[in-house]
Protein chains: 2
Amino acid sequence: MPDTDGHPDREEMNLRSILNALSDPLRYQVITAFLWEPEGTERNCSSFDFDVAKSTLSHHFKIMREAGLIRQVDRGNSRKAHLRHEDLEARFPGLLDLLRRNPDLPAHGK
Amino acid sequence: MPDTDGHPDREEMNLRSILNALSDPLRYQVITAFLWEPEGTERNCSSFDFDVAKSTLSHHFKIMREAGLIRQVDRGNSRKAHLRHEDLEARFPGLLDLLRRNPDLPAHGK
DNA sequence: TGACAGGTACGATGCAAGTAGAACCTTCCG
DNA sequence: CGGAAGGTTCTACTTGCATCGTACCTGTCA
């Protein structure tokens, strides 16, 4: 069962939800951004400067959170998100490599 | 560039289009159905008995075709579709294995 | 020559999803 | 204390997409 923040357990993850989460350009960009950085990197939503309202951003992070792509933890002032590397690798081996090899080009931007 | 039927070359394939194509339940089901069958199996649209209008079915096949997931070739009377195993494996190694390991669950719904 | 079967193209419709604004909460800091 | 920063939730708007009906095209076959 997902916890109160909507994080599913590793076994509860469902590939279709993952694919659905990745089918949006903004969300895809967030995930590939994480893949460029060292494993375990924590970032808050607003560190990605997308040109959208923060309610919209929160909405997208919720979808990634509930699909199991990211985990968000309270860190006092802000809320840090990180990619669930280990869980994703265990549950869907090969997925992250696939994404890593196909990064979203940042050039066409926001 | 894509041919007149909208089939992209191997190099033109784009992961986001692939993921987008797979994010629809019906299309996901078609692809995993192909993965259960021997490589190279050809089927026409109507052999999948989905409860949708044939214009709808044609629409879905177009999306999969233009994403590069399937290839459709004229066989006189009908049009046969087959999964582009080799191209997909070369362009996105690991993708098909990933899908094969996560067949569409009959019960889960959306 | 029909009639039919498999597919595609086009136009219209209805619902799901992305988007934004406002209210609210918590934490940090002057 | 009061205000600013980071996020969530709620509501409302608007766009996108799946869906369908119809018309149309091309082969097959009686």
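The sequence lines fix the lettering, A, B, ..., with proteins before strands; numbering per chain opens at 1.
Between B:Phe48 and B:Phe61, the angle of the ring planes lies from 30° to 60°, which puts this pair in the tilted group.
Side-chain proximity of B:Arg27 to the nucleotides D:dG27, D:dA18, C:dG18 is greatest for D:dA18. Side-chain proximity of B:Ser55 to the nucleotides C:dC10, C:dA20, D:dT9 is greatest for C:dC10. Comparing C:dC10, D:dT8, C:dA20 by their closest approach to the side chain of A:Thr56 singles out C:dA20. Taking only side-chain atoms of B:Lys54, from C-beta outward, the nucleotide of D:dA18, C:dA5, C:dT8 with the closest atom is C:dT8. Considering only the side chain of A:Asn77, C:dT27 comes nearest among C:dT27, C:dA20, D:dG7.
Summarising the local packing, CD of A:Glu86 is surrounded by 12 or fewer heavy atoms from other residues, nucleotides or ligands at distances under 6.0 Å.
Here A:Arg75 does not reach the OP1 or OP2 of D:dG6: none of its side-chain N or O atoms lies under 4.0 Å away. Distances shown here put every side-chain N or O of B:Ser58 at or beyond 4.0 Å from the OP1 or OP2 atom of C:dG7. Here A:Asn44 reaches the OP1 or OP2 of D:dG7: one of its side-chain N or O atoms lies under 4.0 Å away. In this structure, A:Arg65 reaches the D:dT8 phosphate: one of its side-chain N or O atoms is under 4.0 Å from OP1 or OP2. Residue B:Gln72 places at least one side-chain N or O closer than 4.0 Å to OP1 or OP2 of C:dT8. Between D:dG7 and A:Ser46, a contact under 4.0 Å exists linking OP1 or OP2 to a side-chain N or O. For C:dT19, one of the phosphate oxygens OP1 or OP2 lies less than 4.0 angstrom from a side-chain nitrogen or oxygen of A:His60.
For A:Glu42 and A:Arg75, the salt-bridge test passes: some basic side-chain N is under 4.0 Å from an acidic carboxylate O. Under 4.0 Å is where a charged nitrogen must lie from a carboxylate oxygen, and between A:Asp5 and A:Arg79 at least one such pair does.
Using a 4.0 Å heavy-atom distance criterion, B:Ser78 is classed as a sugar-phosphate-only contact. Residue contacts shown for B:Asp24 are limited to sugar-phosphate atoms, with no base heavy atom under 4.0 Å away.
Distance NE2 (A:His59) to P (D:dT8): 12 Å, rounded to an integer number of Å.
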